[in-house]
Every structure is written in C-alpha cells, then in structure tokens.
> 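Before we start, here is the structure in question, set down as structure tokens.
The sequence lines fix the lettering, A, B, ..., with proteins before strands; numbering per chain opens at 1.
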Amino acid sequence: MDRKDAILQHRTSLPIASVEMRLVDEVRKHDTIIIVGETGSGKTTQLPQYLSNAGFCFDGKVIGITQPRRVAAVTVAKRVAEECDVQLGQKVGYAIRFEDVTSRSTRIKYMTDGLLLREALLDPILSRYNIIIVDEAHERTVHTDVLLGLLKKVQDTRLQKQKLDKLDLNNLIQFDNGSQSSNTKLTPLKLIIMSASLDAKGFSEYFGGAKAFHVQGRQHPVDILYTYHPEPDYVDATLIMIFQIHLEEGPGDILAFLTGQEEIESVDRLVHERLKQLPEGSRNVLTVPIYSSLPSEHQMNVFKPTPVSFRKVILATNIAETSVTIPGVKYVIDTGLVKVKNYNPVTGMESLIIVPISKAQSLQRSGRAGREGPGKCFRLYPESEFWKLKDSAVPEIKRCNLSNIVLQLKALGIDNLLEFDFMEKPSREAITNSLQQLYLLGALSDDCKLTDPVGFQMARFPLDPIYSKALILSGEFKCSEEMLIVVAMLSVESIFYSPREKLEEARSAWKRFSSSDGDHQTLVIVFRAAAEYLKKIKAATSKTKAIEKNLNRWCSDNFINNRSLKHALDVHSQIKRHLEQIDMSLSSCGDDMLQFRKCLTASFFLNAAEKQPDGSYRVKATGQNVQIHPSSVLFRSKPDSIIFNELVQTNQSYVRTISRAWSPGLVSYYD
DNA sequence: GAGCACTGC
C-alpha cells in the first residue's frame, strides 16, 4: 500500500468520518455549533477538509482554525497539507507569531488564537473568514476567552452589515454609487467551538443555546484506581506507587504528575536512593524529568526509546498533560495537584500556589495511559475526593492581569469593558484596576477612550502595555535602542540559567555582564554581548546548523538559557520592524547612562519603591512592604530609590528586575 | 541570600 492509500484508509477509519455529511449539514443550517470530540476523534484535521470540500471556501474565503499552542498549529497544518496532497502554505497553511506560512491561495488556515486576536486589530470583522473553528476551547486560555467574546460580537456585526448591504443594494438604483459595499460581499460568520467533554453545556448556553454534537474518540480503556484514604505526603505516596507498579505490574512506562521542578528533582533523587535497596534484578528503572524550564536537549530525553528490559519513569509537571505527548506510557500516577499562577489585581502581586486539579484535568491525565493500549491510572486520593473536584479549572482570565486585554478590546472599539459579554466575567476590580493603569500610562483619556496616537500605538505593539509605553517614551529620551533591548529581554522567560549544582560557576560567568545601574542595564549588556558574538560567527560561517551550535555553546558557557535568548532575539527583530513601519527611528544614548536611567524611571514610575530605615522597600503606589530579590544585581547596594518590573509573593514579598531610579533631588550627589 | 506551573502576541 502506498502512502496515499494509507492516508485515505486512515482518514476513512476515523470516528468522525461516519458523521461527515451530518456535520456539514448542521454547519449549513446553523451559525454556531459546538462539537465535543474526545481525543483521537480526528476533529481537528478532518472537519476543515470536510467543510472545504463542501464548498464553504467560495469567493476566496478562508476557514480559520485556532489552537492555543504554536506547535499544535504547525504540526496539524503539516498533516492536513499532506492529507490533501498539497504543498504547505498553498491551500493549507499556518500562521503563528514570527512565522506566516500562508499565501493568497490558502483556504484552510491553522493559527494560534492569540494571532487571530491580533488580526482582528487590522480587520475587526474578520472579513476573510467564512468559518472560524475554535479548537481546544475547554482549555479556556485568556486568548480563547477573549476570542469567543469577540467572535460572538463579530457574528452580530456581520449580520447587521449584511442587512445594511441589502439596503444599499436597493439604493444603488437610486444613487448609483454603491461600489464600496457591493464589492465586499459579506457572509455570515460560521462558528464552530470544539471542546473536550464535560463543559459543552457552558459553551452552548453562552452561544444562545447552540446545538452540541458528540463525536466518539478512539482511546483504549484505562482502569482508574483510587487510594482508600487521603495521602498526607503526596511526594512520598508517589514514590511508593512508582515502586509498587514497578514490582507488581507488567511492562510499560510510568508517567507521574508532580507540581514543580523541586519536587521532580527530589523524587528523582529518592527513586535512585531506594533502588539501591532492591535486588539487582529489579533495579532496571530509568527516570526522566520533564518541565518547561528544562533546556530542550534534556527535554528530548523523554522521547528516547526505553532500553530493552528497562522501565522508564517520567516525572513531569503539567507540561505532559497537553503540551508534550510521550509515547509508551501505560501507567499514570496522578497526585491530583497542580501549581497555578495567581494574581492579585489590588496589589499587583503574583504568586504560585498548589491547588487541586479539576475533574477535566484528572480525566486528561488518566487518558495519557490509554494512547497505545489499555492502561492504568493510580489516583493518589480517594474516590470521594474526586467527586468533590470542580468540573473545570478556573479560567485564566480570572487569574491574570487584564491590562493588555482591556487595551486590545478598547482598540477593537469595545468601550464598555464592564458590560462586555465574557463567557466568565473577570472581577470588576480586575477590570477597573487595568483601566486605571492604562489611564496612568496615557493610553486612555479622562472619558476612558483610547488616546490618539499613544493609546492606538500601544495597542499595536505585541508587548505588555507598560513596555509599549516605555518604548514610545524612549524616543524622547534618545535611548530607544537600549529600551528596545530591555523590553525584548523582559518579554521572555528568565534569561539566566542556574543549575543548582553549578551555581557558583554561573554567578562568576554573569559578573562579566552586571552593571551597577541595575538589572535593566545588565540585560542590555547580555543582549549586546550575544548579538556581537552572533555577528562574529555569522561572518565566519553561513551554515545555520553551525551558527546555532556555536550560539548554544556561548549560552552554556555563560549560563544563559538559549531558548530564552533566541526568543528575545526574535521579539527584538519583530518590534524593530514594527518601529520602522510606524516611522519611529531608533536612537542610542551611548554611554550616557543617566539618560537611560531617566527614561526607565519615567517609564516604570508606576513601579517605584523607596528604601525604609530597616533596608526593606515601600512600594509608592500601594504602600506595600517588599524586599529586593537576591537575584538582582542591586541586592547588596540597596539604593534609596528604585523602579522594578515584577512583584512576586513567595515566602516573602519580593521585587525583581530592578534599577536605580533617577531622583532629581539627589542627582548632584550621584552624578 | 531565594527558588519559577503552562501558554501566547
């Protein structure tokens, strides 16, 4: 059988294939439908093809499918292009940040939900799209939630416009100038919300009682086992369970869900300690940790085949719940816990807390045991506890800073944020605090309208509003080159990589970069050092592989996280291009650090703090008492007046990424 | 002198 036949056979065997005609028919009849598809149903790859074949892409219109994650958008698009036997980027394509693989002929377009939100800024009624499919809606990321609200509104606007167009058409005969409306023929926007089970009702209610369809999945059965009693020490319980499975169950790898890096490292260590107590014949266990901040070359270890006669034990965070699918797993250990970020809109304080998972999440976790054959899931809690879990997790929109979202929606012409039809409304406090912050940044006027040009410019930058403002201000202070680097570096995950066992070595490597002015200037120095090194190797070779290898070497020599650095380089060039487009020229302050400090102080004045007699700091805006985080270059010098970028609550309240503020009263002493 | 779940524009 050749590849084409194999693809055809695969496609027709998928559970969704038997309901193709029915689904197409329902999409014709209704403007919005909900599809509940279990894993393996084929909904993500097949439905767009069915709709395209049924003629929904007439007049060059596009079917858009959104995903919460970049990798998913790319891999699914590649698969569908192959199934359609077309070149990727032609009829089937994808678009994610930094990468647009579409063309004029693209009819099926996979993309991230965040990217579609950005597109809406340029085309608020999304006129290119006939159908938008929102996939993985049950994950309820901020982007998905905002998108759902927006799409609901766009549907309405397009219906209204359509009615007006008809009126215009009638008037055409009278006025003979309907050219503008007649050549942009608008169709209603069809919406398809795709979700995993449990919450179809919520989506259906939100979309005015839209019909929901269930599509069978293709999963192997998974036995669920509970403990009799709650486990007071889940780390220890995990450890015991790993050995119980290893000694009593048949072959197959184990996936254990833990809450964070530290826990994973300690379970890893303990497994190896206890292995020594086992008879030699039972020591055939291989542990593989995986969590997001682990360098990618180490992450790849989970995909290496397990050596013959060995059992692999994967110790994972939530990354293995959705983002990474690991083959070979037959046993899942579920602690029932997850670490989530929390945000206090009143204080602006962020923290990470460990909370019980939802029923949906526990189902997702147990499902990881049944991908290749029947499996078992050991839940480290009693069944009675399972029934007490919430159906689904608190959506992200209720747990995050809303400033960016509020700014986006304002730019889309949605003026009354408190009235906006969110599926789940964020608290009034969270919204009003964001409005106030945007007002203080100059993005909103006294009557709460987006300011022109500052507010509009800020909305266009793919940055936190406070960073967008910093960038705009830096033009006046003649240090936009430096600020561009700072906002790029601040937009990515931590740039410094500190493995516990080599902490001293790392610290001495970073000394080269550190500046007594603060962490911002330090970031500029790191970025410039990396950019200069990159320039040097690019002059020596043009081979992409060699360039990458050298850059990775430089990163590991300097204890810099290579993924973060590459990301910062990408953000930097994207924003730079954007600045060119809006004719903002770049300027450098050179060695004039005072100028840069003035600009930092002016930009981050909302995050200013002053030293107290006891060496702690008082945040000016809220009066909170905080400490300088020990990772800051200013940890020891403790200047009188600082600005900061992050406020985090751990065992104490800390401010992170700090610079000396410029205080005019003290300037003569310092400069 | 501390510790960071996961995404995304």
> What's R70(A) touching, base or sugar-phosphate or nothing? Going by heavy atoms closer than 4.0 Å.
sugar-phosphate
> Of all residues at least two apart in sequence or in a different chain, which pass the side-chain contact (heavy atoms from CB on, under 4.5 Å) check with A320(A)?
L255(A), F257(A), A316(A), I326(A)
> Which residues in residues 396-406 of chain A have at least one heavy atom lying under 4.0 Å from any atom of DNA chain B?
none
> Using the test ring-ring contact (aromatic ring centres under 6.0 Å, His included), find all partners of Y234(A) that sit at least two apart in sequence or belong to another chain.
none
> Got a sec, which pairs hit salt bridge (charged side-chain N to carboxylate O under 4.0 Å, His left out) with one end in residues 352-361 of chain A, sequence neighbours left out?
K359(A)-D391(A)
> Taking any heavy-atom pair under 4.0 Å as a contact, classify I319(A): base, sugar-phosphate, or nothing.
sugar-phosphate
> Could you work out, with salt bridge (charged side-chain N to carboxylate O under 4.0 Å, His left out) as the rule, every residue matching D334(A), not counting sequence neighbours?
R365(A)
> Going by salt bridge (charged side-chain N to carboxylate O under 4.0 Å, His left out), name the residues that satisfy it together with R618(A), two or more places apart in sequence or in a different chain.
none
> Is there a donor-acceptor contact under 3.5 Å from the side chain of S616(A) to the main chain of Q612(A)?
no
> So where does chain A start and stop touching DNA chain B, 5' to 3', when the test is distance under 4.0 Å to a non-hydrogen atom?
dG1(B) to dC9(B)
> Reckon R97(A) touches a base, only the sugar-phosphate, or nothing at all at heavy-atom distances under 4.0 Å?
base
> Select base, sugar-phosphate, or nothing to describe what Y654(A) touches, counting heavy atoms under 4.0 Å on all strands.
sugar-phosphate
> Tell me which of F635(A) and D113(A) sits closer to the 5' end of DNA chain B, going by the nucleotide each one is nearest to.
F635(A)
> Within the 4.0 Å heavy-atom criterion, would you say R507(A) contacts the bases, only the backbone, or no part of the nucleic acid?
base
> Base, sugar-phosphate or nothing for R656(A)? Non-hydrogen atoms, less than 4.0 Å.
base
> Which is true for S292(A) with a 4.0 Å heavy-atom rule: it touches a base, it touches only sugar-phosphate, or it touches nothing?
sugar-phosphate
> Just checking F461(A): base, sugar-phosphate only, or nothing, at a heavy-atom cut-off of under 4.0 Å?
nothing
> Return the set of residues passing side-chain contact (heavy atoms from CB on, under 4.5 Å) with D570(A) (not counting sequence neighbours), or none when no residue passes.
F98(A)
> For residues 65-77 of chain A, which side-chain N or O atoms pair as donor and acceptor with protein atoms under 3.5 Å away, sequence neighbours left out?
{"unit_1": "Q67(A)", "atom_1": "NE2", "unit_2": "D135(A)", "atom_2": "OD2", "d": "2.9"}
{"unit_1": "R69(A)", "atom_1": "NH1", "unit_2": "E139(A)", "atom_2": "OE1", "d": "2.9"}
{"unit_1": "R69(A)", "atom_1": "NH2", "unit_2": "E139(A)", "atom_2": "OE2", "d": "2.9"}
{"unit_1": "R70(A)", "atom_1": "NH1", "unit_2": "R97(A)", "atom_2": "O", "d": "3.0"}
{"unit_1": "T75(A)", "atom_1": "OG1", "unit_2": "V71(A)", "atom_2": "O", "d": "2.9"}
{"unit_1": "T75(A)", "atom_1": "OG1", "unit_2": "A72(A)", "atom_2": "O", "d": "3.4"}

> Give me the ring orientation class for Y467(A) and F604(A): parallel if the planes are under 30° apart, tilted from 30 to 60°, perpendicular past 60°.
perpendicular
